[in-house]
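All remarks here apply to the structure that follows.
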Amino acid sequence: MAALHYMPGFGNDFETESLPGALPQGQNSPQRCAYGLYAEQLSGSPFTAPRGINERSWLYRIRPSVKHGGRFAPARRDHWKTAPNLDDHELPIGQLRWNPTPMPKEPVNFIDGIRTMTTAGDVHGQAGMAAHVYAFNSDMVDDYFFNADGELLLVPERGRLRIFTEMGIIEVEPSEICVIPRGMMVKVAALDGEARGYICENYGAKFSLPDRGPIGANCLANPRDFKTPVAAYEDKEVPCRLHVKWCGKFYETTLDHSPLDVVAWHGNYAPYKYDLRTFSPVGAILFDHPDPSIFTVLTAPSGEEGTANVDFVIFPPRWLVAEHSFRPPWYHRNIMSEFMGLVYGQYDAKEEGFVPGGMSLHNMMLPHGPDAMGFNKASTVDLKPQRLENTLAFMFETRFPQHLTRFAAELDSLQDNYADCWKDLKKRFNGTVAGDWPEEAKNT
């Protein structure tokens, strides 16, 4: 299989063609396009959005999209839920954690293998998000899908994905992510036979790079490390099905051809991938632990400055060097709601119980922080420089409370004893400055 090619940059205006001369020059909509193609605009923002956030691409395709649909029929996907999805279960509030979702035993493709864990906000107002897991073992061959409700951020945990989009092909592996814009047609294959991972379905404003503020012009996620695919197309005339998610409902229609027929395109509304290993962390180099927002890769803003509709945050390998400081994440209560997953390795605040493929949810104003073992270790360890190796955790954080689905509440993998990880936190207050610590701990 030939190596794939990508164009670097975030939010750039790209141009690409898979046949020479297929892309018009100097105008968008010529009277007759080369190769008998149709010109079509795909808009990801209102026409009058300010230039800096206006998103659109011109596609030059074998058939216009109006030929990629017919009479739609309702379809069911009972495990893919959309906000608002309230009162779906009887589980009380609390800190929650799950073991990995089992791989399916029967053939299941990507869209049928999606299971919703939480929903937040309201899709009808284009605000909020949903957190999903996916697990599948069958390729989408003649099935295609687009999501009108939001963009999809995919975080693979097991197995590589090959994502054929209208605008080109992306291959993504664990330690990488991929973002599929709202409304873009795709089909997904598992290059290793099976795949599992996480999805953030963002109903709101698109993901963008966070402002760096005092950090300046460099570090965190650098724009040059984002990769957008070059044009690729299918000219295939066989029976196909197109599946659509629209305002939380599903529909499908039959086609006699592939809808992935874009021969050339230009614009800034496009899918992309990013290698999380190129993220350049910034942190404390003298004392104390910075807010986790310092690890934000992508943010989807809300209408309130500084308050995200969704933040995508990672906790990658890095050095810990802070002096006379508690280095793991501190104990915390937060107006934002945090859904976490682990791609590989061990999370420094939870050395047991939080495993690759697993998940945790710390909802609005519910306290959380290191388990007893992590607290005791971090409180007594020799504070020499330490490199956290072989670890990649992430967080979908949103301003909205995340409501559990019935699927998540009733999963066998839900850890009933998660809250017990804090039960051995001892009272260390005894009226003395040193506190009730063993002598050897007081000397560290």
TODO: Can you tell me which residue pairs pass the side chain to side chain donor-acceptor pair (under 3.5 Å) test with a partner in residues 90-99, sequence neighbours excluded?
DONE: Arg97-Gln415, Asn99-Gln415
- [ ] Only pairs at least two apart or in different chains count here, so list each ring pair (Phe, Tyr, Trp, His ring centres under 6.0 Å) that has a residue in residues 197-222.
- [x] Tyr198-Phe394
Open item on the list: Measuring from atom OG1 of Thr116 to atom CD1 of Ile199, what distance do you get when rounded to the nearest 0.5 angstrom?
Closed with: 8.5 Å
Open item on the list: For the residue pair His243 / Asp143, report whether a side-chain donor-acceptor contact shorter than 3.5 Å exists.
Closed with: yes
Open item on the list: Ring-plane angle category for His132 and Trp80, please: parallel below 30°, perpendicular beyond 60°, tilted otherwise.
Closed with: perpendicular
TODO: Tell me, please, which residues at least two apart from Arg51 pass salt bridge (charged side-chain N to carboxylate O under 4.0 Å, His left out).
DONE: none
- [ ] Scan side-chain atoms only and decide if Asn202 and Asn309 contain a donor-acceptor pair under the 3.5 Å cut-off.
- [x] yes
Open item on the list: As a quick check of understanding, evaluate ring-ring contact (aromatic ring centres under 6.0 Å, His included) for Tyr269 and Trp265, giving each step before the final call.
Closed with: CA-CA 10 Å; Tyr269 193 60; Trp265 63 270; over 10 Å; no
Open item on the list: With rounding to the nearest 0.5 angstrom, report the NZ to CG distance, Lys187 to Leu242.
Closed with: 13.0 Å
Open item on the list: Do Arg327 and Leu383 make a side-chain contact, defined as non-hydrogen atoms from C-beta onward lying under 4.5 Å apart?
Closed with: yes
TODO: Kindly state each residue pair satisfying ring pair (Phe, Tyr, Trp, His ring centres under 6.0 Å) with at least one member in residues 211-232, sequence neighbours excluded.
DONE: Phe10-Phe226, Phe226-Tyr272, Phe226-Tyr274
Task: Gap between atom CG of Leu153 and atom CE of Met129 - 0.5 Å precision - done: 10.0 Å
TODO: Can you sort out the partners of Lys245 under salt bridge (charged side-chain N to carboxylate O under 4.0 Å, His left out), two or more places apart, ordered by chain and number?
DONE: Asp149, Glu201
Task: Test item: Pro100 and Pro356 side chains (from C-beta on) under 4.5 Å apart, heavy atoms - done: no
Open item on the list: Using 0.5 Å steps for rounding, measure from the NZ atom of Lys81 to the CG atom of Leu404.
Closed with: 13.5 Å
- [ ] For Arg182 and Glu151, run salt bridge (charged side-chain N to carboxylate O under 4.0 Å, His left out): C-alpha distance rounded to whole Å, both residues' side-chain angles, the deciding distance at 0.1 Å, then the answer.
- [x] CA-CA 4 Å; Arg182 185 194 306 261; Glu151 63 182 345; over 6 Å; no
- [ ] May I have the step-by-step check of side-chain contact (heavy atoms from CB on, under 4.5 Å) for Phe375 and Tyr331, ending in yes or no?
- [x] CA-CA 10 Å; Phe375 174 80; Tyr331 294 101; 3.3 Å; yes
Task: Flag for Ser302-Arg399: side-chain donor and acceptor within less than 3.5 Å - done: yes
- [ ] Could you tell me whether Arg77 sits above the aromatic face of Phe250, with NZ or CZ closer than 6.0 angstrom to the six-membered ring centre and within 45 degrees of the axis?
- [x] yes
- [ ] Would you check, one step at a time, whether the test side-chain contact (heavy atoms from CB on, under 4.5 Å) holds for Met167 with Ser57?
- [x] CA-CA 10 Å; Met167 302 171 83; Ser57 288; 3.6 Å; yes
- [ ] Taking the side chain as every heavy atom from C-beta outward, state whether Val263 and Ile62 have any atom pair closer than 4.5 Å.
- [x] yes
Task: Inter- and intrachain pairs under side chain to side chain donor-acceptor pair (under 3.5 Å), touching residues 218-230, at least two apart - done: Arg212-Asn222
Open item on the list: Are Lys206 and Glu55 packed together at the side-chain level, in the sense that at least one heavy-atom pair is separated by less than 4.5 angstrom?
Closed with: yes
Task: With sequence neighbours excluded, residues passing salt bridge (charged side-chain N to carboxylate O under 4.0 Å, His left out) with Asp416 - done: none
Open item on the list: I'd like to know whether CH2 of Trp330 has more than 12 heavy-atom contacts from other residues, nucleotides or ligands below 6.0 angstrom.
Closed with: yes
Open item on the list: Against Asp261, only a single residue in Glu166, Arg61, Met185 fulfils side-chain contact (heavy atoms from CB on, under 4.5 Å); can you say which?
Closed with: Arg61
Open item on the list: Test side-chain contact (heavy atoms from CB on, under 4.5 Å) on Thr118 and Leu361; report intermediate values, then the result.
Closed with: CA-CA 9 Å; Thr118 71; Leu361 176 64; 3.9 Å; yes
- [ ] Answer yes or no: are there more than 12 heavy-atom neighbours, outside Asp87 itself, under 6.0 Å from its atom CG?
- [x] no
Task: Any side-chain donor near an acceptor of the partner, Glu40 and Ser65, under 3.5 Å - done: yes
Open item on the list: So Phe339 and Met395, do their side chains get closer than 4.5 Å, heavy atoms only?
Closed with: no
- [ ] Measure the shortest side-chain to side-chain distance between Asn147 and Leu152 over non-hydrogen atoms and say whether it is less than 4.5 angstrom.
- [x] yes
Open item on the list: In terms of relative ring orientation, are Phe136 and Phe110 parallel, tilted or perpendicular, with 30° and 60° separating the classes?
Closed with: perpendicular
Below 3.5 Å, can you tabulate the donor-acceptor pairs from side chains in residues 310-319 to any protein atom, sequence neighbours excluded?
residue, atom, partner, partner atom, Å
Asp311, OD1, Thr299, OG1, 2.5
Arg318, NH1, Pro316, O, 2.6

TODO: Report the C-alpha distance between Arg277 and Glu173 in whole Å, list the side-chain angles of each, state the deciding distance to 0.1 Å, and finish with yes or no for salt bridge (charged side-chain N to carboxylate O under 4.0 Å, His left out).
DONE: CA-CA 12 Å; Arg277 291 163 292 204; Glu173 65 183 21; 2.8 Å; yes
TODO: Let me see the working for Phe146 and Met184 under side-chain contact (heavy atoms from CB on, under 4.5 Å), right down to the final yes or no.
DONE: CA-CA 5 Å; Phe146 78 83; Met184 185 153 295; 5.8 Å; no
Open item on the list: My understanding is that only residues two or more places apart in sequence, or in another chain, count here; which of them pass side-chain hydrogen bond (donor to acceptor under 3.5 Å, both in side chains) with Glu194?
Closed with: Arg158
TODO: Please check if the side chain of Ser258 supplies one atom and the backbone of Leu260 the other of a donor-acceptor pair under 3.5 Å.
DONE: yes
Open item on the list: Counting only heavy atoms not in Asn390 (residues, nucleotides, ligands), do more than 12 fall under 6.0 Å from its CG?
Closed with: yes
Task: side chain to side chain donor-acceptor pair (under 3.5 Å): pairs with one or both residues in residues 332-343, sequence neighbours excluded - done: Asn334-Glu338, Asn334-Glu397, Ser337-Asn363, Glu338-His368
Task: Note: Lys236-Asp142 ion pair, threshold 4.0 Å (strictly below) - done: yes
Open item on the list: Treating Asp371 as the side-chain partner and Trp422 as the backbone partner, does any N or O pair qualify as donor plus acceptor under 3.5 Å?
Closed with: no
Task: Heavy-atom side-chain proximity of Asn109 to Asp139 below 4.5 angstrom - done: no
Task: Side chain proximity check, Ile170 to Leu4, heavy atoms < 4.5 angstrom - done: no
Task: Pairing residues for Arg115 by the side chain to side chain contact (heavy atoms under 4.5 Å, CB included) criterion, not counting sequence neighbours - done: His79, Val133, Phe407
- [ ] Tell me, yes or no, whether the heavy-atom count around Asp211 atom CG, taken from other residues, nucleotides or ligands under 6.0 Å, exceeds 12.
- [x] no
Task: Partner set under salt bridge (charged side-chain N to carboxylate O under 4.0 Å, His left out) for Arg387, not counting sequence neighbours - done: Glu389
Task: CD1/Ile285: more than 12 non-hydrogen atoms of other groups inside 6.0 Å - done: no
Task: Salt-bridge criterion met for Glu171 and Arg162 (N-O under 4.0 Å) - done: yes
Task: Ile93 CD1: over 12 foreign heavy atoms closer than 6.0 Å - done: no
